[in-house]
Student: 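Dropping a structure here in structure tokens format, bear with me for questions.
We name chains A, B, ... by the order of the sequence lines, and we start the count at 1 in each one.
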2 protein chains.
Amino acid sequence: MVTNMNTNQRFAISVHALTLLAANADPLTSEAIASSVGTNPVVIRRTMASLRELDIVESKSGTNGGWSLAREPKKIGLCEVYRSLGEVNVLTVHGHPNKLCSIGGNISGVLQSVFDDAQSELEKALAGYTVADILKDVLKKANGSA
Amino acid sequence: MVTNMNTNQRFAISVHALTLLAANADPLTSEAIASSVGTNPVVIRRTMASLRELDIVESKSGTNGGWSLAREPKKIGLCEVYRSLGEVNVLTVHGHPNKLCSIGGNISGVLQSVFDDAQSELEKALAGYTVADILKDVLKKANGSA
DNA sequence: TAATTTGTAACTATAATGGTTACAAATATG
DNA sequence: CATATTTGTAACCATTATAGTTACAAATTA
């Protein structure tokens, strides 16, 4: 069985978009990014707007406008990109345990601290990669298979 | 913003149920477990059936039947419990990147390996806890606040 | 035989997600 | 200034995953 606990593609889209920007000197339009990512420009705008809040990208309206990196690719860690998605919990405590049960009444806090620990390890791993790393690996593949 | 990448409570439910079994000598019915977890017996049966496939629990039909642990609590690591959910991917690669683009055509594999790395760290963290640990912490809370 | 309990299929309600349309606001160009 | 370009954002829809629920068959015990 394959369970998709997470059909959320926003993180992958974010990294893809940033990698694309890192590979291009000029700003790219939502349209152009959407074409590479394989989605709709509005989806890109939504995603990029979150990244802009963390000063990872900048936008400019109008002719010759578009999106560009606000920092060098090697200064953009994937954990920060991940955090642009908001307060994500990859593991979720269940909703309504029975407060009258000694287990049910006390397990939520215990689970939450375990889940926090696990997620922190996940984020630590993501922090080990930058957009520059991703671009390098992508280009390596592109040249290797060209 | 709070994004629930994951509204899946099955893992929390699994750990809760196992902790409950660890705290009780006799088998517990789906009904009893459901009452502590705060859900429906059928949800419990579904969850427990997955755990049974990994020989973490056993079931018995009929009067005085129910669910029991197939192993000592300290021999049940949370990573294994997590794996009972199936092939879970906490980070998902996006669907349709543009194959004609050098970035779009090569990023999926790169992302997947990063995601695999991150998830492996998450699972490693989970492997550091056993059902016995959870029970101990829950009972500590229960006594502390009693 | 009757009561208990799991096994499982089928259906529903809810919610998250991504895709899409529509249009306002900002900007550049001629 | 007028026009084309491009982002900003609200609104809505289709799809999907999830959990909850009902219903009933199968197994087990007494």
Side-chain angles (χ1 to χ4, degrees), chain A residues 1-14 16-17 21 26-35 37-53 57-68 70 85-97, chain B residues 1-14 16-17 21 26-35 37-53 57-68 70 85-97:
Chain A
M1 179 191 34
V2 177
T3 299
N4 249 4
M5 262 194 168
N6 160 20
T7 317
N8 197 325
Q9 310 181 2
R10 282 203 298 145
F11 181 53
I13 291 176
S14 299
H16 182 151
L21 292 180
D26 295 328
L28 295 178
T29 64
S30 305
E31 178 75 38
I33 298 171
S35 158
V37 169
T39 185
N40 189 290
V42 176
V43 172
I44 296 299
R45 287 189 202 120
R46 286 202 281 240
T47 301
M48 303 307 275
S50 301
L51 292 168
R52 188 183 41 208
E53 281 181 29
V57 298
E58 295 167 338
S59 65
K60 217 175 88 175
S61 287
T63 309
N64 296 323
W67 300 90
S68 44
L85 305 180
E87 197 181 295
V88 176
N89 297 302
V90 295
L91 300 173
T92 308
V93 172
H94 53 314
H96 313 293
Chain B
M1 180 191 33
V2 178
T3 299
N4 247 5
M5 262 195 167
N6 159 22
T7 315
N8 197 325
Q9 310 181 3
R10 282 203 297 145
F11 182 53
I13 291 175
S14 299
H16 183 151
L21 291 181
D26 296 327
L28 294 177
T29 63
S30 306
E31 179 75 36
I33 299 171
S35 158
V37 168
T39 185
N40 190 292
V42 176
V43 171
I44 296 299
R45 285 186 202 122
R46 287 201 282 241
T47 301
M48 303 307 276
S50 301
L51 292 168
R52 188 181 43 208
E53 281 181 28
V57 299
E58 296 169 337
S59 65
K60 219 176 85 175
S61 287
T63 308
N64 296 323
W67 301 92
S68 42
L85 305 180
E87 196 181 298
V88 176
N89 296 302
V90 294
L91 300 173
T92 309
V93 173
H94 54 316
H96 314 293

Student: Side chain of A:W67 only, heavy atoms from C-beta on: which candidate in D:dA11, D:dT7, C:dT6 is closest?
Tutor: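 Closest of the options to the side chain of A:W67: D:dT7.
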Student: Look at the side-chain N and O atoms of B:N64 and state whether any lies under 4.0 Å from the OP1 or OP2 oxygen of D:dA30.
Tutor: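 Looking at the OP1 and OP2 atoms of D:dA30, one of them is under 4.0 Å from a side-chain N or O of B:N64.
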Student: Round to the nearest Å and state the distance from A:E31 atom CD to D:dT7 atom P.
Tutor: 9 Å
Student: Return whichever of B:P41 or B:G65 has its heavy-atom-nearest nucleotide of DNA chain D closer to the 5' end.
Tutor: B:P41
Student: How many Å lie between CG on A:N8 and C1' on C:dA15, as a whole number?
Tutor: 14 Å
Student: Round to the nearest Å and state the distance from B:M48 atom CE to C:dT5 atom C1'.
Tutor: 14 Å
Student: Taking the minimum atom-to-atom distance to the side chain of B:R10, which one of C:dG19, D:dA19, C:dT6 wins?
Tutor: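 Nearest to the side chain of B:R10 among the choices is D:dA19.
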Student: Whether the side chain of A:S14 engages the backbone of A:R10 through a donor-acceptor N/O pair (distance < 3.5 Å, no angle test) should be reported.
Tutor: yes
Student: I want to check one thing: is the phosphate of D:dG8, taken as OP1 and OP2, less than 4.0 Å away from some side-chain N or O of A:S59?
Tutor: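 Answer is yes, contact under 4.0 Å.
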Student: May I ask you to evaluate whether A:K60 reaches the phosphate of C:dA28, defined as a side-chain N or O under 4.0 Å from OP1 or OP2?
Tutor: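 Indeed, a polar side-chain atom of A:K60 lies that close.
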Student: Can you check side chain to side chain contact (heavy atoms under 4.5 Å, CB included) on A:R45 and A:V42, steps first, answer last?
Tutor: CA-CA 5 Å; A:R45 287 189 202 120; A:V42 176; 3.9 Å; yes
Student: Please determine whether any donor N or O and acceptor N or O are separated by less than 3.5 Å between the side chain of A:R46 and the base of C:dG19.
Tutor: yes
Student: Is there a side-chain contact between B:H16 and A:P97 in this structure, where contact means two heavy atoms from C-beta onward sitting under 4.5 Å apart?
Tutor: yes
Student: Taking only the side-chain nitrogens and oxygens of A:T63, find out if one of them lies under 4.0 Å from OP1 or OP2 of C:dT27.
Tutor: no
Student: Which whole-number value in Å describes the distance from A:H94 NE2 to D:dT18 P?
Tutor: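 From A:H94 NE2 to D:dT18 P: 17 Å.
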Student: May I ask you to evaluate whether A:T29 reaches the phosphate of D:dT6, defined as a side-chain N or O under 4.0 Å from OP1 or OP2?
Tutor: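 No, A:T29 has no side-chain N/O under 4.0 Å of OP1/OP2 on D:dT6.
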Student: Nearest whole angstrom, please: distance from the P of D:dT5 to the CG of A:L28.
Tutor: 17 Å
Student: Looking at B:N40, I'd like to know whether one of its side-chain N or O atoms comes within less than 4.0 Å of OP1 or OP2 on D:dA19.
Tutor: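 For B:N40, the contact criterion (side-chain N or O under 4.0 Å from OP1 or OP2 of D:dA19) is not met.
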Student: Please report the distance, rounded to the nearest Å, between CD in A:E53 and P in D:dG8.
Tutor: 11 Å
Student: With a 4.5 Å limit on heavy-atom distance, are the side chains of A:R46 and A:S50 in contact?
Tutor: no
Student: Any side-chain N or O of A:R45 less than 4.0 Å from the OP1 or OP2 oxygen of D:dG8?
Tutor: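 The answer is no; no side-chain N or O of A:R45 sits under 4.0 Å from OP1 or OP2.
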Student: Just one of A:V43, A:L28, A:T47, A:T39 clears the side-chain contact (heavy atoms from CB on, under 4.5 Å) bar with A:I33, so which one?
Tutor: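 Testing each of A:V43, A:L28, A:T47, A:T39 against A:I33, the sole residue satisfying side-chain contact (heavy atoms from CB on, under 4.5 Å) is A:L28.
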Student: Under 4.0 angstrom, heavy atoms only, what part of the nucleic acid is A:G95 near: base, sugar-phosphate, or nothing?
Tutor: nothing
Student: Between B:D26 (CG) and C:dT5 (C1'), how many Å, whole number?
Tutor: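 Computing the B:D26:CG to C:dT5:C1' distance gives 15 Å.
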Student: Could you give the NE2-to-P distance, from A:H96 to D:dA19, as a whole number of Å?
Tutor: 12 Å
Student: Begin with the C-alpha distance, continue with both residues' side-chain angles, and end with the deciding distance and a verdict on side chain to side chain contact (heavy atoms under 4.5 Å, CB included) for B:S59 and B:M48.
Tutor: CA-CA 9 Å; B:S59 65; B:M48 303 307 276; over 6 Å; no
Student: State which of D:dT6, C:dG18, C:dA22 makes the closest approach to the side chain of A:S61.
Tutor: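 My answer, after comparing the listed nucleotides, is D:dT6.
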